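Hydrogens, waters and symmetry mates play no part in the numbers below; they use all other heavy atoms, side chains included. In this text the structure is predicted, and so the values were computed from the model without any measurement.
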Amino acid sequence: MKELIIKDTIGEYLSVSKYINWKDNSILSKADEFKLSAADEISLIKTVYEFVRDEIKHSWDVQDKRVTKSATEVLEQEVGICWAKANLLAALLRACGIPTGICYQRLTLGDVPETGFCIHALNAVYIKSLDRWIRLDARGNKTGVDAQFNLEKERLAFPIRKKLGEVDYGIVYANPSDKLMQVLEENTDALYMYLNCLPDNILEYKKASIEDTRRGEE
């Protein structure tokens, strides 16, 4: 299991934000359902995770054009790409009092680097009774993808192939990347977006200008 870098304070992983808007009544009500049926913290996390993984469909898998962004939108429309599903899982678990963050991977779109890269989102969850973080991938299973809740060995959707340039980032963010959320905000067709608008990194790069060069010589 990859060693995780906890970027923020534990309180930040319980915070409310535009996309992880867990204080909305729809999120709170759904979280209450899970809390009533769960025997303990671990079973609660597993139940919430499997709900998002299995009951919220991945946009590409079901060829659904709707673009969902915030946790409430994903819950209401029951569909979203991995970035959006990660927002929902974080919101539902935070509504249950469980610190949850967002993690990223850089994956090839196909089987070779020439097909290009995309950024995949998943979650990291703090289990208080075990005093440790684990990662969970709620992308949604299909042929060739078998993510599972497992406390002993990470079972994510995609194994990282370093030889192909894929990257497993170890940082746990309290909030989703502004850059990725901007992509969701700017698109209205999830299928077009999936094929044409996915960034291949989570970092913002500033191209050096002539002024920057001259400034360095002063």
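Among residues two or more places apart in sequence or in another chain, the side chain to side chain contact (heavy atoms under 4.5 Å, CB included) test is passed with Thr108 by Thr115, Phe117, Arg161, Leu164, Glu166. Partners of Asp54 under the side chain to side chain contact (heavy atoms under 4.5 Å, CB included) rule, at least two apart in sequence or in another chain, are Glu50. Qualifying side chain to side chain contact (heavy atoms under 4.5 Å, CB included) partners for Ile10, counting only residues two or more places apart in sequence or in other chains: Pro99, Tyr126, Trp133. In this structure, Lys7 has no salt bridge (charged side-chain N to carboxylate O under 4.0 Å, His left out) partners at least two apart in sequence or on a different chain.
Among pairs with a residue in residues 19-29, none fulfils salt bridge (charged side-chain N to carboxylate O under 4.0 Å, His left out), at least two apart in sequence or across chains. Sorted by first and then second residue, the salt bridge (charged side-chain N to carboxylate O under 4.0 Å, His left out) pairs with a member in residues 72-91 read Lys69-Glu73; sequence neighbours excluded.
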Take Lys18 and Asn175 through the side chain to side chain donor-acceptor pair (under 3.5 Å) test and state the conclusion after the steps.
CA-CA 9 Å; Lys18 178 179 180 179; Asn175 285 296; over 6 Å; no
Run Gln77 and Thr68 through side chain to side chain donor-acceptor pair (under 3.5 Å) and show every step you take.
CA-CA 8 Å; Gln77 300 186 43; Thr68 53; over 6 Å; no
Can you check side-chain contact (heavy atoms from CB on, under 4.5 Å) on Tyr13 and Asp8, steps first, answer last?
CA-CA 7 Å; Tyr13 297 107; Asp8 299 289; 3.8 Å; yes
Carefully, step by step, assess Arg139 and Asp137 under the rule salt bridge (Lys or Arg N to Asp or Glu O under 4.0 Å).
CA-CA 6 Å; Arg139 179 227 178 268; Asp137 194 329; over 6 Å; no
Using the rule given for side-chain contact (heavy atoms from CB on, under 4.5 Å), can you reason through Val167 versus Ile160, listing the C-alpha separation, both sets of side-chain angles and the distance that settles it, and then say yes or no?
CA-CA 7 Å; Val167 181; Ile160 294 299; 5.9 Å; no
Worked check of side-chain contact (heavy atoms from CB on, under 4.5 Å) between Asn141 and Gln148:
CA-CA 9 Å; Asn141 290 339; Gln148 299 292 333; 3.7 Å; yes
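Annotation: the span from Thr100 atom OG1 to Asn87 atom CG amounts to 12.0 Å, rounded to 0.5 Å. The CZ atom of Arg106 sits 7.0 Å away from atom CD1 of Ile119, with the distance rounded to the nearest 0.5 Å. Interatomic distance, Leu109 CG to Asp200 CG, rounded to the nearest 0.5 Å: 9.0 Å. With rounding to the nearest 0.5 Å, the separation of CD1 in Ile81 from CG in Asp61 is 11.5 Å. Separating the OG atom in Ser17 from the CD atom in Glu12 is a distance of 10.0 Å, to the nearest 0.5 Å. Put simply, CD1 on Ile134 and OH on Tyr49 are 9.0 Å apart, with the number rounded to the nearest 0.5 Å.
Scanning both residues, Ile102 and Ala86, for their nearest heavy atoms gives CD1-O, 3.7 Å. Residues Asn187 and Cys197 share a closest heavy-atom pair of OD1-SG, 3.5 Å.
A donor-acceptor pair under 3.5 Å links the side-chain atoms of Arg53 to the main chain of Ala147, judged by distance alone.
Here the side chains of Ser59 and Tyr194 are not in contact, with every heavy-atom distance at 4.5 Å or above.
Using bins of under 30°, 30° to 60° and over 60° for the plane-to-plane angle, the ring pair His120/Phe158 lands in the perpendicular bin.
With 3.5 Å as the limit, one finds a donor-acceptor pair spanning the side chains of Ser43 and Asp40.
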